[in-house]
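The next block holds one structure in the form of structure tokens; read it before the comments.
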Amino acid sequence: MNKKMVTIIAALAMCTAMAGCTGNDTASSSKAETTTTTTAAAESAAPAESTADESTADSTSTNAGTTDYDVDGDFRAFEQLKEKYADGYLVTLEGQMSNSGTKYTICVKDGKAYQALTVQGMKSYTVCPGDGKLYNVSEGTTTYSIEDDDGNQWKSADILFGATLDFDHAYIDTTTNVVHEYYNLDSSVSGGEGQIVYGFDGATYDLKQVVLLPEGADESSAVYFTVDSIGEADDSLLTVPDLSAYTKE
């Protein structure tokens with residue numbers, strides 16, 4: 001299998017050559033609170049029409065408050081996020097639902113990218129340092145490979161902004177006070193048609209969740225990520241890695 005930086009749609013299939021993962025990577029030790037989060041995610045990521053009836057919501061759900069977000073207005077939390085991290089970002093994500101327990105770390109800045117994937121404790125990562133090469137490293141097998149970079153690999157790694165096109169619609173989950181903004185995917189980057197959904201805290205507009213929806217799929221076929229942290233890019237991750245302790249494939 002050709003080793004390359006994982007694309008957004010490749011993540012949908014949970015198969016990235018750089019990590020050698022398969023459909024059996026789902027962790028079996030999901031915590032109770034994770035189950036609650038992913039259940040809410042499945043409900044809120046469905047198309048707006050199917051979530052219109054909120055009368056069936058669990059009566060024990062805690063209403064997290066209200067938001068002044070206007071789904072028909074001009075303000076978009078995604079645009080605010082993009083402006084805030086225009087100079088790069090470092091984000092850590094955790095997979096939910098079909099990719100439960102999988103850890104992702106992504107750093108993007110100035111056309112450079114770092115992307116790490118940890119599945120059941122095994123970490124693999126790819127660095128695109130802007131020198132015309134891709135460095136694919138597996139800590140589990142202590143091996144690495146180097147291949148040519150076409151100059152656009154960082155876009156595939158940029159899960160937040162790399163493949164996002166025009167705004168489609170917004171939906172507010174009133175039980176969790178989360179604003180969900182739906183955007184179309186750029187198939188030339190993502191490898192396929194579909195949408196990306198950003199979930200924001202309705203009070204602070206902090207990014208809480210990212211959901212990838214392939215064309216024609218419902219929430220059961222989506223890939224969910226919760227955002228553990230997001231901040232400024234770490235330049236140390238975007239340099240050529242020290243491969244002295246690794247074997248070249």
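At distances below 3.5 Å, not a single donor-acceptor pair connects side-chain atoms of Thr105 with backbone N or O atoms of Ala116. For the pair Thr118 (side chain) and Lys123 (backbone), a donor-acceptor distance under 3.5 Å is absent. With hydrogens and angles ignored, the 3.5 Å screen pairs a side-chain donor or acceptor of Ser138 with a backbone N or O of Thr141.
For Glu79, the CD atom is densely surrounded, since the number of other residues' heavy atoms within 6.0 Å is greater than 12.
Every residue two or more places apart in sequence or in another chain that forms a side-chain hydrogen bond (donor to acceptor under 3.5 Å, both in side chains) with Asn184 is listed here: Asp166, Gln195. Annotation: side-chain hydrogen bond (donor to acceptor under 3.5 Å, both in side chains) contacts of Tyr135 (sequence neighbours excluded): Asp131. Under the ring pair (Phe, Tyr, Trp, His ring centres under 6.0 Å) criterion, Phe161 pairs with Phe78, Tyr89, not counting sequence neighbours. Not counting sequence neighbours, Thr239 has no partner by the side-chain hydrogen bond (donor to acceptor under 3.5 Å, both in side chains) test.
With 3.5 Å as the limit, one finds no donor-acceptor pair spanning the side chains of Glu249 and Ser145. For the 3.5 Å distance criterion, the side chains of Gln80 and Tyr85 fail to qualify, holding no donor opposite an acceptor.
Residues Val223 and Ile106 share a hydrophobic cluster, clusters being chains of Ile/Leu/Val/Met/Phe/Trp/Tyr side chains in contact below 4.5 Å.
Counting only heavy atoms from C-beta outward, the side chains of Lys208 and Val227 never approach each other to under 4.5 Å. The side-chain heavy atoms of Asp148 and Asp150, taken from C-beta on, include no pair separated by under 4.5 Å. Side-chain contact between Thr226 and Leu93 is absent, with no heavy atoms from C-beta onward closer than 4.5 Å. Counting heavy atoms from C-beta on, the side chains of Tyr246 and Val137 come closer than 4.5 Å. Within the 4.5 Å cutoff, side-chain heavy atoms of Cys128 are placed close to those of Leu134. Put simply, the side chain of Tyr114 does not reach to within 4.5 Å of the side chain of Asp234, judged on heavy atoms. For the pair Ile172/Thr67, a side-chain contact is recorded, criterion being any heavy-atom separation below 4.5 Å from C-beta on.
For residues 101-110, the set of pairs meeting the salt bridge (charged side-chain N to carboxylate O under 4.0 Å, His left out) definition, not counting sequence neighbours, comprises Glu94-Lys103, Lys109-Asp235. For residues 67-77, there are no salt bridge (charged side-chain N to carboxylate O under 4.0 Å, His left out) pairs, not counting sequence neighbours.
Rounded to the nearest 0.5 Å, atoms CG (Asn136) and OG1 (Thr143) are 9.5 Å apart. The distance from atom CG of Asp186 to atom OG1 of Thr164, rounded to the nearest 0.5 Å, is 9.0 Å.
With ring centers used as reference points, Tyr205 lies 6.0 Å or more from Phe200. Separation of the Phe225 and Tyr104 ring centroids falls under the 6.0 Å cut-off.
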